[in-house]
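Here is the structure we will look at.
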There are 2 protein chains.
Amino acid sequence: MTKTTLERRSGISLWRQIAQHLHEEIKSGELQPGSKLPTEPHLARRFGVNRHTVRRALSVLQEEGLVSIEQGRGTFVRTPNADYHPGEDAHLSGNIGREGREAGGELITSRHLAAEPKVAAALGLRPGEDVILLELLHLVDHRPVSIASHYFPAHRFKGLEKRFLKSHSITQALKSYGIADYMRKRTKVNASLPNSEDARVLKMPRGQPVVVAENVNVDLDGKPIEFTISRSAGGRMQLMFER
Amino acid sequence: MTKTTLERRSGISLWRQIAQHLHEEIKSGELQPGSKLPTEPHLARRFGVNRHTVRRALSVLQEEGLVSIEQGRGTFVRTPNADYHPGEDAHLSGNIGREGREAGGELITSRHLAAEPKVAAALGLRPGEDVILLELLHLVDHRPVSIASHYFPAHRFKGLEKRFLKSHSITQALKSYGIADYMRKRTKVNASLPNSEDARVLKMPRGQPVVVAENVNVDLDGKPIEFTISRSAGGRMQLMFER
DNA sequence: ACGTATTTGTTCGTATGTATC
DNA sequence: GGATACATACGAACAAATACG
């Protein structure tokens with residue numbers, strides 16, 4: 001048992017430090033999935049804190065889904081579910097129009113950045129290529145209901161930010177590049193807890209989930225022109241797919 | 001300050017009882033949105049418990065989004081966000097096939113019950129009318145990914161449970177009632193945290209959100225025949241709407 | 001501007017209950 | 001039944017953020 005020292009009166013509470021420490025040990029593989037963590041009294045001695053402090057940290061890991069705490073048995077590293085990739089047998093399919101996206105919203109940020117692998121793959125680019133990000137806040141009745149990050153290949157849409165501001169409509173801006181029409185190619189829907197920034201902007205508690213929808217729009221030739229990730233406050237609005 | 005008595009060693013922990021009590025006071029409107037709750041020491045005296053016990057209960061309400069706790073200021077009833085009903089400007093539309101639903105799954109429960117208002121409205125019945133509930137667990141690679149509650153009007157589909165068990169397919173069972181074909185009318189997608197039962201069945205932590213999809217299927221005359229509420233483990237599978 | 005009271009946040013200590021091994 | 005391990009509850013003290021005179 002190596003005693004791990006924490007920084008006391010550092011401004012960061014001990015349970016947060018412990019949670020972060022254990023989080024990293026799990027993510028790094030030092031603590032293998034399925035393995036049993038040391039007992040609470042053991043961890044308390046290791047970190048030199050009270051058992052309550054350890055319990056507070058463990059409850060955070062449980063909420064994150066990293067461990068499962070089982071009374072009388074112990075605390076175990078959960079088998080990650082990231083290794084599962086949804087196959088053809090686990091999805092719904094259909095055609096989605098592009099209604100609703102015209103409403104646009106308030107522009108939060110607009111900048112260039114290097115495409116992360118996920119964005120690059122969606123847009124058919126190489127990771128690191130220049131992309132434009134427009135981040136819009138969607139308000140309904142003066143209440144924020146969703147944030148959407150729109151990514152575009154920069155080489156094809158130089159100056160998109162300015163053209164967007166003229167009409168305040170993505171569709172209009174794209175038209176000025178000769179994109180007469182485009183269509184939604186794929187939409188993936190998922191749920192997660194909001195990061196602190198999204199929670200703040202959406203004025204929602206971090207414990208309340210958001211619906212995350214990712215979709216790719218392609219032009220009439222089938223080339224990807226836009227990748228969107230939207231986060232909608234759970235309970236505040238509902239994505240609706242209607243016939 | 002009216003002292004509220006709790007049931008000690010009733011099998012339900014004190015903090016749960018307090019959380020439920022305050023939850024109801026908020027939902028009933030006894031505690032108005034924006035109003036300040038009594039201080040923690042005050043609540044502790046009122047319920048005759050330690051301040052820690054009150055804090056545990058308050059943290060639950062905070063995670064539920066019912067209150068916001070602010071250091072140095074107090075605890076306040078949050079303005080509810082349930083008063084927003086998504087309108088035409090806040091939805092996506094499109095056609096959704098019914099692929100993926102054939103995969104069916106393992107039957108968890110099958111019973112009759114009185115239609116709750118929500119179910120009744122979806123099926124075009126009066127609240128309290130007899131409905132059949134089939135609850136299916138959907139497995140992929142031996143891992144549970146979603147639970148779906150399927151509601152049917154009982155008067156139209158007598159003995160549906162048995163017919164379902166013969167083919168293990170809802171579509172097949174409906175065919176035996178002369179339903180040649182039917183279609184998805186509307187799908188609403190949302191996110192929430194799972195109840196303890198769903199979390200247990202899906203083998204997921206309660207802190208991790210689920211995607212909740214509600215949809216109504218109608219026959220070729222447009223009459224509702226099935227109302228489905230599915231809960232999918234966030235991160236484990238993705239609903240996919242594809243062109 | 002400052003000090004003080006109020007209110008929530010963190011940490012420790014202790015005791016007892018409940019589930020599992 | 002006994003030992004182990006997590007769950008609940010109480011009490012005390014101090015820290016940190018806020019409100020107020």
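Numbered from 1 within each chain, the chains take letters A, B, ... in sequence-line order.
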For this session: Test for a donor-acceptor pair under 3.5 Å between the base of C:dT7 and the side chain of B:Glu40, counting only N and O atoms.
Result: no
Exercise. For B:Ala57 and B:Trp15, which heavy atoms make the closest approach, and how far apart are they?
Worked result: CB-O, 3.4 Å
Exercise. Could you give the CG-to-C1' distance, from A:Leu14 to C:dC12, as a whole number of Å?
Worked result: 11 Å
For this session: Go through the N and O atoms of the side chain of A:His52 and the base of C:dT14, and report whether any donor-acceptor pair is under 3.5 Å.
Result: yes
Seminar exercise, completed: To the nearest angstrom, the CD-P distance between A:Gln17 and C:dT10 comes to 12 Å
Seminar exercise, completed: DNA chain D: first to last nucleotide in contact with chain B (atom under 4.0 angstrom from a heavy atom), 5' to 3', is D:dT8 to D:dA19
Exercise. Think A:Arg73 has a side-chain N or O under 4.0 angstrom from the OP1 or OP2 of C:dC21?
Worked result: yes
For this session: Would you please test A:Ile147 and A:Ile229 for side-chain contact (heavy atoms from CB on, under 4.5 Å) and show each step?
Result: CA-CA 8 Å; A:Ile147 301 175; A:Ile229 304 178; over 6 Å; no
Exercise. Any side-chain heavy atom of B:His21 within less than 4.5 Å of one from B:Glu25?
Worked result: yes
Problem set entry | Presence of B:Thr75 side-chain N/O under 4.0 Å of C:dT7 phosphate oxygens OP1/OP2 | no
For this session: Whole angstrom is fine here: how far is it from CZ in A:Arg51 over to C1' in C:dT16?
Result: 11 Å
For this session: Check the distance between C:dT7's P and B:Arg55's CZ and give it to me in whole angstrom.
Result: 14 Å
Problem set entry | Residue-level proximity of residues 56-64 of chain A to DNA chain C when a heavy atom falls under 4.0 Å | A:Arg56
